[in-house]
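Residue numbering restarts at 1 for every chain, and letters A, B, ... go by the order of the sequence lines.
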2 protein chains.
Amino acid sequence: MTDTAPRPTLEAVAARAGVSRATVSRVVNGGDGVRDILVERVRKAVDELGYVPNQAARSLVTRRHDAVAVVVAEPETRVFADPFFALQLRGISKELTAHDNQLVLLLTEGRDDHARVGRYLAGGHVDGALVFSLHLDDPLPELIQRAGIPTVFGGRPGWSGDRREVVYVDSDNRGGARDAVRHLAGLGRNRIAHITGALDQTSAADRLDGYRDVMVDADPRLIAEADFTPAGGERAMRELLDRCPDVDAVFAANDLMASGALRVLRESGRRVPGDVAVIGFDDMRPVAEQTDPPLTTVRQDIEEMGRLMARLLLRGLDRTAPQEGVGAPPSSVVLPTTLVRRGSA
Amino acid sequence: MTDTAPRPTLEAVAARAGVSRATVSRVVNGGDGVRDILVERVRKAVDELGYVPNQAARSLVTRRHDAVAVVVAEPETRVFADPFFALQLRGISKELTAHDNQLVLLLTEGRDDHARVGRYLAGGHVDGALVFSLHLDDPLPELIQRAGIPTVFGGRPGWSGDRREVVYVDSDNRGGARDAVRHLAGLGRNRIAHITGALDQTSAADRLDGYRDVMVDADPRLIAEADFTPAGGERAMRELLDRCPDVDAVFAANDLMASGALRVLRESGRRVPGDVAVIGFDDMRPVAEQTDPPLTTVRQDIEEMGRLMARLLLRGLDRTAPQEGVGAPPSSVVLPTTLVRRGSA
DNA sequence: CGGCGCGGTGAGAGCGCTCTCGCGTAGCGC
DNA sequence: GCGCTACGCGAGAGCGCTCTCACCGCGCCG
């Protein structure tokens with residue numbers, strides 16, 4: 001733990017290079033409109049002095065921070081500890097880094113924290129926000145809307161509000177679910193069950209809708225509500241076996257629940273995919289490839305979702321001036337999914 | 001995506017409250033030495049105007065940022081996608097939030113990125129850094145040392161350098177490993193194998209050392225090197241069965257590998273813990289509780305590690321003035337582990 | 001040959017805040 | 001009742017940067 005040394009200022013560089021502060025500033029910010037000779041001289045002085053611009057001073061006048069907040073509203077531990085979020089974060093990080101932006105992570109714990117986050121965002125510490133708001137009744141989107149800060153949501157926010165200007169990035173949950181169920185039907189299955197995710201999340205609701213799109217008049221007993229956890233998947237599967245012992249296929253709203261379902265099916269003496277075909281969602285490699293049999297699942301490109309969120313946000317902030325006439329605010333994007341066939345269906 | 005409105009300044013609040021800027025500043029920063037009447041009046045003005053201090057302006061003069069960088073050096077995707085890191089991050093976040101500090105996340109991808117991180121840290125954007133440097137040959141610690149910024153490491157950095165001033169938080173990997181192996185020995189096992197983690201990480205090396213502490217003259221064939229992944233655990237277990245079919249216990253350096261080992265043992269027709277007892281490390285609940293049988297394992301309190309890292313760092317930055325004579329720089333902390341008995345040993 | 005335009009540069013005015021000083025007022029002792 | 005301390009408050013000077021604007025010298029046109 002060393003203390004930080006006094007850092008050279010613009011002034012110092014200017015003195016050393018024999019030019020004015022303004023010129024050094026110009027060079028540091030790209031060097032347009034400065035003679036090459038001077039540019040070189042200034043660069044040299046910068047190197048020699050090890051000059052690094054003071055971001056605080058810069059922000060003070062530019063009102064930009066080159067920083068973006070990533071807000072993760074996570075009352076339950078669950079989602080945070082799963083690879084999903086990590087991958088998305090990674091995508092975000094890559095994109096932000098590529099555009100010289102910093103990532104400020106805001107994790108919320110409980111309701112009181114919302115206020116803190118709202119204050120922070122409204123406080124003008126960051127240029128924009130990427131928000132993962134998972135639950136339908138989450139007050140966070142409201143708060144953020146009020147903060148008046150450019151925002152892109154991860155996943156369609158379940159929002160009662162009438163705002164149309166919400167920008168989000170999501171997977172085609174409904175379409176992916178349809179593909180999965182159709183695939184099961186294509187295998188000749190007709191007692192196709194669905195294990196839902198937590199239905200207060202739009203992803204779960206959308207996947208359920210996709211299931212219903214195909215199974216228009218499905219036996220309601222074929223639908224078991226769960227919560228995206230392996231344990232929830234097990235519980236739901238037991239319920240299903242109980243209610244409909246003749247079930248011959250299961251579409252689980254994520255891989256974790258599918259893995260739980262597989263376990264229960266095995267316990268019950270059923271063979272997969274022989275007796276019961278199983279499909280998951282997410283294509284979480286570590287899970288999907290390790291199950292027995294390996295899981296057929298609906299892949300979404302999670303890292304790409306993160307990258308896209310960041311890209312949309314940055315575009316919205318339109319750095320680099322409104323040159324290309326891309327003035328239009330970015331609109332939401334729904335990424336396609338693909339069915340990945342492995343052993344379970 | 002709304003644009004941010006013009007924000008009220010200290011000046012505005014001062015005018016409204018009928019006091020000077022200085023007084024408002026005092027109130028905003030705690031209100032010491034200001035009459036209660038004025039404090040109240042200023043607070044009211046602040047509320048009415050929705051005043052939020054401009055952090056950039058403040059940092060410019062205080063040279064503090066109330067922000068801490070969390071650096072995750074993660075060449076491989078693996079660790080990032082596992083719950084371990086997420087939990088630690090959560091602990092960090094909680095502690096930082098409690099002290100009104102922001103968390104700036106820096107993920108590195110590949111070697112080139114190290115320079116960027118170094119520049120950022122040296123650039124005085126944050127007050128300190130929490131660094132997860134996992135590999136022995138990682139150049140990051142060096143870089144950071146050079147940046148001259150207060151730093152706490154997550155896990156003992158494997159460092160050839162002769163610096164003694166490195167501060168880190170780690171689990172008692174060696175002690176935990178000893179406990180695990182002793183427990184197995186206590187069950188009467190004497191052909192106790194070890195599946196190591198990636199040995200270029202100190203945690204893996206330390207656990208191996210702990211194993212050796214107990215198994216002083218262990219058959220070298222009882223040690224299989226792996227990489228902390230389930231697949232690696234499977235591979236290692238197969239190797240072990242191949243080399244020593246009479247193995248009667250396995251201590252795996254983490255739960256993920258233990259779960260892989262369990263799978264292989266089951267495949268080979270062995271019963272756990274009857275024929276072979278198995279112990280993992282980490283106590284990653286979702287994994288350890290879901291295996292069949294549930295995994296006996298060495299628990300480390302990961303979230304607490306994160307919290308502690310943040311606490312040490314903040315203490316090192318000694319906000320709140322050096323009042324309590326805690327002037328001494330914080331030193332490293334090694335947290336104890338506990339053996340959690342479940343079904344597998 | 002005078003004026004005009006233009007690219008290149010520097011001077012200077014802040015951005016919004018903190019913090020040091022110094023002044024005014026109140027409270028204390030003698 | 002006077003001086004002294006202590007406390008509360010305001011004035012003002014920056015923190016390090018950006019950005020506007022005016023200036024200067026040059027080449028060019030009329």
Quiz prompt | Sidechain N-carboxylate O distance under 4.0 Å for B/Lys44, B/Glu40 | solution =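 B/Glu40 and B/Lys44: not salt-bridged.
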Euclidean distance, atom [atom1] of residue [X] to atom [atom2] of [N] [Å, nearest integer]:
| X | N | atom1 | atom2 | result |
| --- | --- | --- | --- | --- |
| A/Leu49 | D/dG16 | CG | P | 14 Å |
| B/Glu11 | C/dG14 | CD | P | 13 Å |
| B/His65 | C/dT18 | NE2 | C1' | 14 Å |
| B/Tyr51 | C/dC17 | OH | C1' | 7 Å |
| A/Ile37 | C/dG7 | CD1 | P | 17 Å |
| B/His125 | D/dG16 | NE2 | P | 15 Å |
| B/Asn54 | C/dG14 | CG | C1' | 14 Å |

Quiz prompt | Minimum side-chain heavy-atom gap B/Leu130-B/Val68 below 4.5 Å | solution =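 Yes, their side chains come closer than 4.5 Å.
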Exercise. Determine whether B/His65 and B/Val126 make a side-chain contact, defined as any pair of heavy atoms from C-beta on separated by less than 4.5 Å.
Key: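 B/His65 does not reach B/Val126 side chain to side chain.
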Quiz item: When the nearest nucleotide of DNA chain D is assigned to B/Arg35 and to B/Leu60 on a heavy-atom basis, which residue is associated with the more 5' position?
Solution: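 Result of the comparison: B/Arg35.
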Exercise. For B/Leu38 and for B/Val61, locate the closest nucleotide of DNA chain D by heavy-atom distance; then report the residue assigned to the nucleotide nearer the 5' terminus.
Key: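 The 5'-side residue here is B/Leu38.
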So does [X] get a side-chain nitrogen or oxygen closer than 4.0 Å to the phosphate oxygens (OP1/OP2) of [N]?
| X | N | answer |
| --- | --- | --- |
| A/Arg58 | D/dT18 | yes |
| A/Arg64 | D/dT18 | no |
| A/Ser20 | C/dT9 | no |
| A/Arg26 | D/dT18 | no |
| B/Thr62 | C/dT18 | no |
| B/Asn29 | C/dT18 | yes |
| B/Thr9 | C/dC17 | yes |

What's the closest nucleotide to the side chain of [X] if the choices are [options]?
| X | options | value |
| --- | --- | --- |
| B/Leu10 | C/dT18, D/dA11, D/dC19 | C/dT18 |
| A/Thr23 | C/dT9, D/dG10, D/dT18 | C/dT9 |
| A/Arg21 | D/dC17, C/dC19, C/dT9 | D/dC17 |
| B/Val34 | C/dT9, D/dC9, C/dC17 | D/dC9 |

Quiz item: Under the criterion side-chain contact (heavy atoms from CB on, under 4.5 Å), which of B/Thr151, B/Leu107, B/Leu106, B/Leu105 is the partner of B/Val71?
Solution: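 Result for side-chain contact (heavy atoms from CB on, under 4.5 Å) with B/Val71: B/Leu106.
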Quiz item: When A/Val24 is tested against each of A/Thr9, A/Leu38, A/Val19, A/Val34 for side-chain contact (heavy atoms from CB on, under 4.5 Å), which residue passes?
Solution: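 Running side-chain contact (heavy atoms from CB on, under 4.5 Å) over A/Thr9, A/Leu38, A/Val19, A/Val34 with A/Val24 returns exactly one hit, A/Val19.
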